[in-house]
Amino acid sequence: MNKALRKAVIAGNWKMNKTPAEAKELLDAIKPLVKDADCDVVACVPFVDLSVALEATAGSNVKVGAENCHWEPSGAYTGEISAPMLAAMQVPYVIIGHSERRTYFGETDVTVNKRVKAALANGLTVILCVGEYLEQREQGVTGEVVALQTKIDLQGVSAEELKRVIIAYEPVWAIGTGKTATAAQANEVCALIRATIADLYSKADADALTIQYGGSMNAKNAEELLDQPDVDGGLIGGASLKPEDFAAIVKAASR
Ligand code: 13P
């Protein structure tokens with residue numbers, strides 16, 4: 001983490017967990033534990049929890065995010081939520097392109113790019129997820145895969161808009177498996193993403209970009225991962241549902 005150049009951001013991705021009542025309870029437990037954080041703290045929650053989450057975190061340093069949004073502002077897209085809907089609720093963050101969306105719901109870099117652009121056009125800050133499958137790592141194409149995702153997912157995004165983009169490097173084989181990338185592996189790919197951004201934009205833009213690692217980050221391994229120069233935060237799944245564990249990761253990012 002290089003705090004002189006960029007912001008550390010720890011974001012929880014709650015995935016398909018917690019009813020509104022449970023969301024309030026979890027946020028009420030998290031808030032006092034992270035109130036002195038010297039990093040940005042975000043909780044990305046299911047759509048039905050957004051209202052309650054915004055209310056529960058009002059006046060605190062915990063910011064709220066959604067887990068996806070559609071690229072059209074409105075229309076016949078049963079089951080989808082648009083970026084203007086999130087903006088109207090004053091939701092500041094949205095995750096786009098999570099590997100679970102890509103794997104289980106057929107999202108491609110083309111649809112991810114459309115969603116990224118819609119979110120940015122509506123004033124949201126995007127947490128854009130990229131990462132390779134295990135077989136791609138074994139084939140030695142991690143760098144190519146992640147660079148390609150980065151390039152396509154950000155097509156048409158201006159340098160000005162890039163200031164509202166966070167990239168989360170999440171190796172798919174590390175998500176929910178307990179298999180964390182080593183600190184060196186995480187840093188290598190985060191650095192490669194930064195180099196890709198430097199090529200696409202500029203070195204200054206790349207230096208200012210927050211790049212998170214995600215995939216079985218927990219209270220024990222957070223410090224070592226966050227000590228890496230190109231790892232600027234974490235996107236946390238399972239551990240974000242446990243207040244003490246999430247707070248320990250926030251503490252590691254606050255050093
Ligand atoms: P886990 O932390 O549960 O491995 O999930 C990571 C993730 O997918 C965050 O988006």
Side-chain angles (χ1 to χ4, degrees), residues 1 8-18 26 29-30 33-34 37 39-46 62 65 67-68 93 95-105 107 112 127-143 145-146 149-150 166-194 210-255:
M1 202 163 29
V9 183
I10 299 296
N13 173 8
W14 290 12
K15 309 192 179 184
M16 195 174 70
N17 292 292
K18 304 297 171 188
L26 178 53
I30 288 172
L33 300 178
V34 302
C39 65
D40 286 359
V41 182
V42 185
C44 297
V45 307
V62 179
E67 299 177 12
N68 196 12
Y93 289 84
I95 297 171
I96 306 272
H98 192 278
S99 64
E100 286 150 17
R101 299 295 319 168
R102 297 176 190 255
T103 304
Y104 306 137
F105 303 99
E107 291 196 20
V112 167
I127 300 176
L128 167 64
C129 303
V130 297
E132 82 287 1
Y133 288 99
L134 181 58
E135 61 183 24
Q136 294 171 323
R137 176 161 283 269
E138 288 170 349
Q139 289 159 347
V141 295
T142 297
V145 167
V146 170
Q149 289 174 330
T150 304
I166 293 166
I167 296 184
Y169 166 55
E170 298 208 313
V172 182
W173 47 271
I175 295 177
T177 57
K179 276 190 209 150
T180 321
T182 64
Q185 284 171 329
N187 193 63
E188 184 186 16
V189 183
C190 289
L192 184 145
I193 293 169
R194 202 176 306 285
T210 295
I211 303 180
Q212 300 172 319
Y213 167 79
S216 300
M217 197 190 259
N218 58 41
K220 289 206 179 88
N221 60 27
E223 213 171 279
E224 192 190 354
L225 287 160
L226 294 167
D227 270 346
Q228 300 298 312
D230 281 296
V231 178
D232 310 314
L235 186 56
I236 323 297
S240 73
L241 302 172
K242 299 177 192 152
E244 280 80 19
D245 291 20
F246 186 63
I249 298 170
V250 168
K251 198 172 165 199
S254 298
R255 289 168 308 140

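Hydrogens, waters and symmetry mates are skipped; everything else that's a heavy atom, side chains included, is used.
- Put simply, CD on Q212 and CD1 on I127 are 5.0 Å apart, with the number rounded to the nearest 0.5 Å.
- Using a 4.5 Å cut-off on side-chain heavy atoms (C-beta onward), R101 and E67 make no contact.
- One distance of note links OG1 of T142 with CD of Q185; it measures 8.5 Å at 0.5 Å rounding.
- Put simply, the side chain of T103 never gets that close to the backbone of E100: no donor and acceptor are under 3.5 Å apart.
- Identified under the salt bridge (charged side-chain N to carboxylate O under 4.0 Å, His left out) test for residues 210-225, with sequence neighbours left out: E223-R255.
- Taking all atoms of both residues into account, the shortest heavy-atom contact from C190 to Y169 is SG-CB, 4.1 Å.
- Shown here for I10 and C39, the closest heavy-atom pair between the two residues is CG1-SG, 4.0 Å.
- When the salt bridge (charged side-chain N to carboxylate O under 4.0 Å, His left out) test is applied to R194, the partners found at least two apart in sequence or on another chain are D230, D232.
- Judged purely by atom type and a 3.5 angstrom limit, N221 uses its side chain to pair as donor or acceptor with the backbone of N218.
- Every side chain to side chain contact (heavy atoms under 4.5 Å, CB included) that D40 has, sequence neighbours left out, goes to K7, V9, Y93.
- Among all heavy-atom pairs drawn from S99 and I175, the shortest one is OG-CD1, 3.2 Å.
- Counting heavy atoms from C-beta on, the side chains of R102 and V172 never come closer than 4.5 Å.
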Please set out all donor-acceptor pairs under 3.5 angstrom arising from side-chain atoms of residues 242-252, sequence neighbours excluded.
none

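- Annotation: side chain to side chain contact (heavy atoms under 4.5 Å, CB included) contacts of S216 (sequence neighbours excluded): T177, T180.
- Between A181 and P171, the shortest heavy-atom distance links the atoms CB-CG, 4.3 Å.
- When every heavy atom of C129 is checked against every heavy atom of I95, the shortest pair comes out as SG-CG2, 3.7 Å.
- Nearest approach of A168 to L235, heavy atoms of both residues: CB-CD2, 3.8 Å.
- When the side chain to side chain contact (heavy atoms under 4.5 Å, CB included) test is applied to V145, the partners found at least two apart in sequence or on another chain are E132, Q136, V141, Q149.
- Rounded to the nearest 0.5 angstrom, I236 CD1 and Y213 OH are separated by 9.5 Å.
- The distance from atom OG1 of T150 to atom CD1 of I193, rounded to the nearest 0.5 Å, is 5.0 Å.
- If you take CG on N68 and CD1 on I96, they are separated by 5.5 Å, rounding to the nearest 0.5 Å.
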Exercise for review: Under the side-chain contact (heavy atoms from CB on, under 4.5 Å) rule, what do E170 and N13 come out as? Steps first, then yes or no, please.
Suggested key: CA-CA 12 Å; E170 298 208 313; N13 173 8; 5.5 Å; no
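- Rounding to the nearest 0.5 Å gives a distance of 4.5 Å between CG of L226 and CE of M217.
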